[in-house]
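Here is the naming used below: chain letters follow the sequence lines, and residue numbers restart at 1 for every chain.
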Number of protein chains: 2
Amino acid sequence: MDYMLQLREKGLKVTPSRLNVIKVLDSSHLAYSHSDLESLFSKMDRVTLYRILKDFEDAGIVHKIMDIDGVTRFAICKSTCPDGHHTDDHVHFNCKACHKMFCLEKVQVPHLKMPQGFKAMGLHTLIYGLCENCSGA
Amino acid sequence: MDYMLQLREKGLKVTPSRLNVIKVLDSSHLAYSHSDLESLFSKMDRVTLYRILKDFEDAGIVHKIMDIDGVTRFAICKSTCPDGHHTDDHVHFNCKACHKMFCLEKVQVPHLKMPQGFKAMGLHTLIYGLCENCSGA
DNA sequence: ATGCAAATGCAACAATGTTGCGTTTGTTAA
DNA sequence: TTAACAAACGCAACATTGTTGCATTTGCAT
Ligand SMILES: [Mn+2]
Ligand SMILES: [Mn+2]
Ligand SMILES: [Zn+2]
Ligand SMILES: [Zn+2]
């Protein structure tokens, strides 16, 4: 709710650009691409946006994921993640029609058994198909 | 075994470049990045390699996946995929130490229950950790 | 109000991927 | 074997994405 507090807690200065970015991401379950955000904040410098997203990622405010087309996207971390290493191992859903990417925090991911010698540290599950809007259900 | 036949079956002409690429990929269960292959075949033009990999993907000879660092990689399709749409929904494992990516065809991926309205068409499961060589087991 | 570190804007660059086009090559059929 | 044609290739040019260095501005603590 109070983004200024959240930023200061993470040791980040409160700036208009940062407030804009966190507001947009926090008010959505969607993962935004860099160019999404770029066109949303056209007056903000490209590099500044890269740095804001990097800082937010390091601070555990957002997580970065790849969509089905190889575009990197950013979504808010709902449950606050420990700095640096995020628990962003929930499911992401990519709509083939509207190309939106959804964070599906509620879908349970079963534990997978690894072959001999392979030690798993985490996983990314990306499902593609048709979203609630596009499936025409 | 006979790559010339395999290429002709898919309507692709047999060229030295294509034979080189398919040989390397087929003799490994690793997924190679574009730059991996580029340095392996330094005399081949960059663009030609892009086009070969695209043609192989369309023909169902290889599948393209993103690794944990956002690098696109290519691996051979072991079970022949129907042209265009591949059944590349097996697990991929990315080693944090040596950065190799393994196709784990044998790991079973359980079916996930989607929320209301979301229709799943396929999934990518990417696990990261330490591989058999790097886990020191 | 002042000072300083942090954040920003800008330019330059690197890596990755795409497109157009002229040339070469693989395949088919005479 | 050769001739002809479509496909594949090499090269140049360009687009997009992401990174780095540096001078300037701004947030925040004193
Ligand atoms: Mn997410
Ligand atoms: Mn694979
Ligand atoms: Zn959709
Ligand atoms: Zn390894």
Problem - Minimum heavy-atom distance Ile65(B)-His63(B), with the two atoms named - result: CD1-CD2, 3.8 Å

Exercise for the section: Take the protein atom OH of Tyr50(A) and the nucleotide atom P of dG9(C), then report the distance between them rounded to whole Å. Expected result: 15 Å

Handout entry: Asp36(A)/Arg73(A) salt bridge by N-O under 4.0 Å criterion
Key = yes

Exercise for the section: Verify the ring-centre separation between His124(B) and Tyr128(A): is it less than 6.0 angstrom? Expected result: yes

Practice task
Please round to 10 degrees the angle between the axis of the first five pairs and the axis of the last five pairs in the helix from dA1(C)-dT30(D) to dA30(C)-dT1(D).
Solution key: 30°

Practice task
Taking only the side-chain heavy atoms of Arg18(B) (C-beta and beyond), determine which of dA8(D), dG9(C), dT19(C) contains the nearest atom.
Solution key: dA8(D)

Handout entry: Candidate nucleotides dC9(D), dG26(C), dA12(D), ranked by approach to the side chain of Pro16(B) - the nearest
Key = dG26(C)

Problem - Whole-Å gap separating C1' (dC10(C)) and CG (Leu49(A)) - result: 16 Å

Practice task
For Met44(B) and Val21(B), work out which heavy atoms get closest and say how close.
Solution key: CE-CG2, 4.1 Å

Completion exercise
All heavy atoms of Phe93(A) vs all of Lys119(B), minimum pair found to be CZ-O, 3.7 Å

Practice task
Give a yes-or-no answer on whether the side chains of Asn20(B) and Ser17(B) include a donor-acceptor pair shorter than 3.5 Å.
Solution key: no

Exercise for the section: Please report, rounded to the nearest Å, how far the P atom of dT19(C) is from the CZ atom of Arg51(B). Expected result: 10 Å

Practice task
Let me know, please, whether Arg8(B) or Val71(B) comes out on the 5' side of the other along DNA chain C by nearest nucleotide.
Solution key: Val71(B)

Practice task
Could you tell me whether the side chain of Val91(A) reaches within less than 4.5 Å of the side chain of Lys106(A), counting heavy atoms only?
Solution key: no

Exercise for the section: Give a yes or no on whether the backbone of Lys100(B) and the side-chain of Asn94(B) come within a donor-acceptor separation of less than 3.5 Å. Expected result: yes

Exercise for the section: Nearest-nucleotide wise, let me know which of Ser17(B) and Val47(B) is further upstream toward the 5' end of DNA chain D. Expected result: Ser17(B)

Exercise for the section: Would you kindly give the CG-to-C1' distance between Asp55(B) and dC9(D), to the nearest whole Å? Expected result: 12 Å

Fill in the blank from the handout: Separation of dA23(D) atom P from Asp45(A) atom CG, nearest Å, is 17 Å

Exercise for the section: Round to the nearest Å and state the distance from Leu53(B) atom CG to dG17(C) atom C1'. Expected result: 12 Å

Practice task
Could you check which of dT27(C), dG27(D), dC11(D) has an atom nearest any side-chain atom of Lys13(B)?
Solution key: dT27(C)

Exercise for the section: Would you indicate which nucleotide in dT19(D), dA8(D), dG17(C) comes nearest to any side-chain atom of Thr72(B)? Expected result: dG17(C)

Fill in the blank from the handout: Between Arg46(B) and Leu12(B), whichever has its closest DNA chain C nucleotide further toward 5' is Arg46(B)

Handout entry: Contact under 4.0 Å: Thr48(B) side-chain N or O vs dA8(D) OP1/OP2
Key = no

Practice task
Grab the CD1-C1' distance between Ile52(A) and dG27(D) for me, whole Å please.
Solution key: 14 Å

Practice task
Assign Val14(B) to base, sugar-phosphate, or nothing according to its heavy-atom contacts below 4.0 angstrom with the strands shown.
Solution key: sugar-phosphate

Exercise for the section: Using whole Å, report how far CG of Leu5(B) lies from C1' of dT27(C). Expected result: 15 Å

Practice task
Please determine if a side-chain N or O atom of Thr15(B) lies less than 4.0 Å away from the OP1 or OP2 oxygen of dA8(D).
Solution key: no

